[in-house]
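We're numbering straight along the sequence, starting at 1. Atoms within a ligand are numbered from 1 in the order they appear, just like the ligands themselves. Side chains are part of it too, since the values below use all heavy atoms of this structure and drop only hydrogens, waters and symmetry mates.
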Amino acid sequence: MLRRVGPSLRHFLLERKNSAGYSSHSGEAKMSRPVQARRLEGIDKNIWVEFVKLAATYSTVNLGQGFPDFPPPDFLKEAFVRALSGENHMLHQYTRAFGHPPLVKILAQFFGKLLGQDLDPMTNVMVTVGAYQALFCCFQAFVDDGNEVIIIEPFFDCYEPMVKMAGGMPVFVPLRPKAPKDGKLMSSADWQLDPAELASKFSERTKAIVLNSPNNPLGKVFSRGELEVIADLCVKHDVLCISDEVYEWLVYDGKEHIRIASLQGMWDRTVIIGSAGKTFSATGWKVGWTVGPNRLLQHLCTVHQNSVYHCATVAQEAVAQGFQRELKLYGKPESYFVQLPKELQQKRDWLIQSLDAVGMKPIIPEGTYFLVADISEFKSDVPDVPDSDEPYDSRFAKWMVKNKGLAAIPLSAFYCGAHKNNYNHFIRFCFAKEEATLKAANDILQKWKREKTNP
Ligand code: PMP
């Protein structure tokens with residue numbers, strides 16, 4: 001078609017281009033006006049992009065980014081294959097925008113049982129592209145210009161830029177570590193909020209608080225008492241709670257994950273966020289969800305329908321089948337939600353021993369698949385650069401990737417700019433890894449320790 005009318009059309013287009021002030025020389029067609037929207041200012045750096053690239057560049061044992069290097073359970077993979085190659089070819093097409101019906105139905109049943117609520121799959125559940133998009137929907141739906149959002153430090157790093165992109169103001173409140181008694185190893189439970197300090201952050205401007213229990217990066221599992229303090233403040237100040245519970249099944253030593261939405265006055269003001277990536281060890285599938293009252297979820301639906309609209313149908317179908325299995329086996333030894341934390345607890349204990357043996361003091365996590373360790377004893381290997389803009393732990397982690405072939409994430413990445421240097425001698429390891437990977441990490445640490453002792 002273009003060829004048939006070719007010469008005259010091409011000539012016409014060229015004329016138009018030239019008369020609009022363009023020339024065929026690309027250099028002269030450059031735009032001079034600023035292109036970046038103001039809301040992106042100061043949020044262009046991303047720790048994951050940076051460290052994933054470093055880990056890929058240097059041949060490393062990667063305990064950095066949070067993903068399992070073991071496969072998801074067979075029943076989940078088989079469900080995906082069935083969805084992909086079964087008779088129902090409609091699974092290759094769009095499904096309902098706010099969640100594939102089988103998935104929202106089983107999520108409503110499952111979480112309804114856990115919360116003691118009668119949940120409507122069509123109004124109390126919304127499926128998202130991973131927990132990331134669930135968070136994005138919350139901030140876009142609830143935060144207006146100038147609204148404050150309280151974030152507990154250390155925090156999953158995307159909360160801060162997401163609040164800012166929505167026009168909000170993040171207000172940070174740190175968990176404060178207490179030294180354990182009798183030379184024992186520190187536990188994530190030793191990191192606590194100061195109730196008076198937390199209360200001082202609430203004001204008329206506060207729209208929401210973000211709670212992440214079990215917490216990435218520390219592995220802290222908030223106790224009922226701690227959650228009650230937060231809940232009371234939310235009720236008193238009429239504040240929303242965005243409850244990121246993606247590690248809900250990963251709790252150890254008999255600890256219980258308590259859902260803040262189940263506390264007095266909280267259901268009506270809480271959005272619960274979950275992730276199939278963490279729940280079923282399939283982070284690449286990017287299936288997440290939100291659960292909450294329709295009063296809140298309807299606004300998440302507005303953001304969702306005007307942004308991504310919809311998530312991959314096949315993956316949603318497979319996750320639905322995974323939950324159907326888990327509902328039948330709930331609390332039984334064969335349940336994946338029982339088996340996975342059992343396996344991960346062993347891996348956690350193994351990494352604790354390995355780090356403790358070389359003097360990289362681990363903080364025992366009560367949950368998640370992360371472990372934070374104190375690098376103070378290794379500081380002599382990586383010279384400090386006074387007045388550097390980069391926190392010490394970040395330089396340490398980069399040095400470790402390049403020189404020791406071991407990847408971890410600096411803890412300062414989980415703090416706001418003003419607080420980064422208060423917590424700059426820790427790094428975070430992910431222990432959702434095959435035995436061979438953890439052993440390779442142990443070998444690196446042992447060798448490093450030997451070199452330190454016999455330089
Ligand atoms: N919240 C927390 C606390 C996380 O650690 C992560 C992933 N690392 C997410 C949300 C995002 O989860 P997803 O991969 O399902 O988007």
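- Side-chain polar atoms of Asn294 and Thr123 form no donor-acceptor pair below 3.5 angstrom.
- Scanning the protein for heavy atoms near atom 1 (N) of ligand 1, the closest one is Asp244 OD2, 2.5 Å.
- Between Asp144 and Asn147, the side chains place no donor N or O within less than 3.5 Å of an acceptor N or O (distance only, hydrogens not considered).
- Looking at Gln339 and Glu343, their side chains never bring a donor and an acceptor atom within 3.5 Å of each other.
- Looking only at side-chain heavy atoms (C-beta outward), Phe426 and Phe396 stay at 4.5 Å or farther from each other.
- Checked by distance only, ligand 1 and Tyr132 come closer than 3.5 Å through their nitrogen or oxygen atoms.
- The protein atom (non-hydrogen) at minimum distance from atom 8 (N) of ligand 1 is Lys278 NZ, 3.0 Å.
- Between the side chains of Asp244 and Tyr159, at least one donor-acceptor pair of N or O atoms lies under 3.5 Å.
- The protein heavy-atom contact nearest to atom 9 (C) of ligand 1 is Phe156 CE2, 3.4 Å.
- Ligand-side atoms of ligand 1 in range of Ser275: 13 (P), 15 (O), range being under 4.0 angstrom from any heavy atom.
- Atom 14 (O) of ligand 1 has Lys286 NZ, 3.6 Å as its closest protein atom, hydrogens excluded (heavy atom only).
- Residue Tyr247 places a heavy atom under 4.0 Å from ligand 1.
- Against a heavy-atom cut-off of under 4.0 Å, Asn212 is close to the following atoms of ligand 1: 3 (C).
- With 3.5 Å as the limit, one finds a donor-acceptor pair spanning the side chains of Glu226 and Ser223.
- Counting only distance, with no hydrogens or angles, the side chain of Thr290 and the backbone of Met126 share a donor-acceptor pair below 3.5 Å.
- Ranking the protein heavy atoms by distance from atom 13 (P) of ligand 1 puts Ala131 N, 3.4 Å first.
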